[in-house]
Amino acid sequence: MTPDGRRPFRLMGSMEQERERTVDEIAWRADPDRAQRTRTAEFMRRHSIATYDELEDRSIADPDWFWASVVEYLVIPFSAPFTRVSDTTGGPEWTTWFIDGELNLSEVCVDRWARQTPQTPAVVAEHEDGSSRTLTFVELQSEVAALAGGLRALGVAAGDAVAVYLPMSSEAVVSLLAIARLGAVFIPIFSGYGAEAVAGRLHDPRPKVLICADGFTRRGRLVEMKEAADAAADLAGGLEHVVVVDYAG
């Protein structure tokens, strides 16, 4: 975003044609007081940066400084500290980040907040019928730990793949975080896929577990996910375990 509120971007046409265009229409602009209360403004003040352009220029000129400063500002808890921010020896397109560092997404996103602000809402999920479900951080932590324990009991260990075939829901968030808690690999599968598309995403990772819903309602119509999951498992040559979320009743 430019200082006057425009967002420059590039339109790609044929191989021979490329041109730049600037969009002048501004849908919304924060008032100055609100802008000064943002996290970005606080980060800039901490580093004595006067303008957003200056921040952008510095982040491009010195990305190692920028990302190390962001990690420090967000107090992201690395379980093993990184020794270098980036390594570009393979070329910029193959940059690796936070060398030797280790962190767990579940610890970063759930556990530390369950300790600091346990009753703060962490997830608000709304169904198509307007009903909703809210989980506080301590409730989310409990559900994540329970599912992680269940997956471990099914033999899931670090490096194993777990596929998740769920609608947008609190259960999808819990599943992602539980898989991360174990150091397993999260394989997302779009809830609108049919059996063949789901099977195509099961072939290569060969997940130990598929987590799916019985179904969900979309635009007033029941989408039968369990039937699609069963057919996909057959097409993919079988699965060790299928965990079903009673979502549609």
Side-chain angles (χ1 to χ4, degrees), residues 1-12 20-82 84-88 92-93 95-99 101-127 130 132-141 143-144 168-170 172-177 180-181 186 188:
M1 185 76 73
T2 60
D4 58 359
R6 296 177 298 166
R7 184 181 299 278
F9 68 95
R10 183 165 294 172
L11 287 176
M12 302 297 292
E20 290 189 356
R21 174 179 131 183
T22 300
V23 176
D24 294 310
E25 300 82 6
I26 299 170
W28 176 83
R29 188 198 297 274
D31 63 75
D33 289 342
R34 183 169 185 172
Q36 287 303 309
R37 295 196 302 271
T38 63
R39 297 296 188 187
T40 301
E42 184 181 4
F43 178 85
M44 290 166 58
R45 287 192 293 271
R46 179 175 296 190
H47 294 280
S48 301
I49 296 173
T51 67
Y52 185 82
D53 281 353
E54 183 184 342
L55 172 63
E56 183 180 28
D57 290 343
R58 188 171 175 186
S59 71
I60 293 169
D62 191 355
D64 281 13
W65 163 81
F66 177 74
W67 288 112
S69 299
V70 168
V71 166
E72 179 184 24
Y73 174 71
L74 296 176
V75 198
I76 295 176
F78 278 74
S79 53
F82 55 90
R84 285 182 296 156
V85 176
S86 66
D87 181 355
T88 60
E93 68 274 25
T95 299
T96 53
W97 294 92
F98 302 109
I99 314 306
E102 294 180 4
L103 57 77
N104 187 285
L105 186 69
S106 190
E107 162 64 20
V108 172
C109 295
V110 183
D111 292 355
R112 66 168 173 159
W113 302 116
R115 291 190 297 269
Q116 294 176 29
T117 58
Q119 299 308 319
T120 298
V123 176
V124 179
E126 184 170 323
H127 295 192
S132 64
R133 182 186 188 216
T134 300
L135 294 175
T136 65
F137 275 108
V138 72
E139 290 170 337
L140 178 62
Q141 182 187 46
E143 294 208 5
V144 167
M168 297 294 286
S169 59
S170 59
V173 176
V174 170
S175 297
L176 166 62
L177 293 167
R181 200 175 196 83
F186 173 72

Donor-acceptor side-chain pairing of R45 and Q36 below 3.5 angstrom: yes

Any chance you could measure [X], atom [atom1], to [Y], atom [atom2], to the nearest 0.5 Å?
| X | Y | atom1 | atom2 | result |
| --- | --- | --- | --- | --- |
| D111 | Q116 | CG | CD | 11.0 Å |
| E107 | W113 | CD | CH2 | 11.0 Å |
| T51 | D57 | OG1 | CG | 7.5 Å |
| W65 | S59 | CH2 | OG | 7.5 Å |
| T38 | R34 | OG1 | CZ | 10.0 Å |
| W97 | D64 | CH2 | CG | 6.5 Å |

Residues forming a side-chain contact (heavy atoms from CB on, under 4.5 Å) with L103, sequence neighbours excluded: I76, F78, V108

Contacts of R133 that satisfy side-chain contact (heavy atoms from CB on, under 4.5 Å) - sequence neighbours left out: L135, E143, S170, E171

Minimal non-hydrogen separation, [X] against [Y], with atom names:
| X | Y | result |
| --- | --- | --- |
| V144 | S106 | CG1-OG, 3.7 Å |
| F43 | L55 | CE2-CD1, 3.7 Å |
| P121 | T134 | CB-CG2, 3.9 Å |
| A125 | S169 | CB-C, 4.3 Å |

E54: salt bridge (charged side-chain N to carboxylate O under 4.0 Å, His left out) partners, not counting sequence neighbours: none

Salt bridge (Lys or Arg N to Asp or Glu O under 4.0 Å) between R39 and E42, worked out: CA-CA 5 Å; R39 297 296 188 187; E42 184 181 4; 3.4 Å; yes

Min side-chain heavy-atom separation V70-Y73 under 4.5 Å: no

Any donor-acceptor N/O pair, R46 side chain to S69 backbone, under 3.5 Å: no

